[in-house]
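Just follow the structure's listing: the first ligand is 1, and inside any ligand the first atom is 1.
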Amino acid sequence: MGIPADVTLNTGATMPVLGFGTWQLRGDECRRAVAAALEAGYRMLDTAAIYGNEEQVGLGMRDAGLEREDVFVCTKLAGRDHGRTSDAARESMERLGVEYLDCYLIHWPAGQTADFEVWAEMERLHADGALRSIGVSNYSVALIEQLLDRGDVPPAVNQVEMNPFTHPRDIVKLCRDQAIAVQAYSPLGQASRLDDSRVARVADRVGRTPAQVMLRWGIQHGAVVIPKSANRERITANAQVFDFELAEADMAALDELG
Ligand code: A2P
């Protein structure tokens, strides 16, 4: 279909373009959903310290029985931990039951300037090998530019909200120009617009579900998508996005939504 199932990060590591989002999944439901996602073929998991589910994500990973290196594990530094980045990263690894993180992100910027001190600490952990790739989340164009100017290691990833209704074109363009991978969170718009008639028209045309169409739209824009679902059938269906393609006219119709 012309789009590889992985993107190569500026660290040289590869990251699957489809990941499993775990925001709002808790407890056993989270554990079961993570195991189901890995069984359905997802090879990237996205969590965060503030989701309060890192232990369950780790348990779900072990339930699925894959080798550690076959799963790309991504978690995020909480705002409350900006003064203790190393400890917080170690604690996340302990909760997940892993020795290293494939990707560690600053979850939210603390203010109007980039988080330089946090970033310097993450650069040290990256050099040590504990954080294979480091990045940011919810960073604006201005903040990314500051980090690129003053940091030693460029961010590998910026995770932002992205779907046809929320399309941060300026951030996507900057990231593409700077070889920063965009991870799209809420790629299904948290299910609030799946019944939109314009999405449905495209879905009818390609014979797919609105959810698959929204995910494919993100992938064709070069983003890595991380849909969340607690339901095994929807988890499986959301992974079926590599055997069809949206034509230019369909992409253009969806681009008009946001
Ligand atoms: P559920 O967990 O019951 O499947 P996002 O990834 O944009 O944050 O969206 C997550 C929301 O979308 C959740 O409420 C999830 O509900 C719902 N969802 C996930 N996949 C589908 C799907 N294929 N069809 C309809 N709703 C879905």
Contact residues of ligand 1, where a non-hydrogen atom lies under 4.0 Å away:
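Contacts of ligand 1 under 4.0 Å: S186, P187, L188, G189, Q190, A191, L194, A211, P227, K228, S229, A230, R234, N238.
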Give the other cluster members for I50, using side-chain heavy-atom distances under 4.5 Å between Ile, Leu, Val, Met, Phe, Trp and Tyr residues; answer none if it is isolated.
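Traced through the cluster, I50 reaches W23, Y51.
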Can [X] and [Y] be counted as an ion pair, charged N to O under 4.0 angstrom?
| X | Y | answer |
| --- | --- | --- |
| D250 | R198 | no |
| R232 | E39 | yes |
| K173 | D177 | yes |
| R26 | E55 | no |

On the ring face of Y100, is R132 found with NZ or CZ under 6.0 Å from the centre and within 45° of the axis?
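The answer is yes, since R132 meets both limits relative to Y100.
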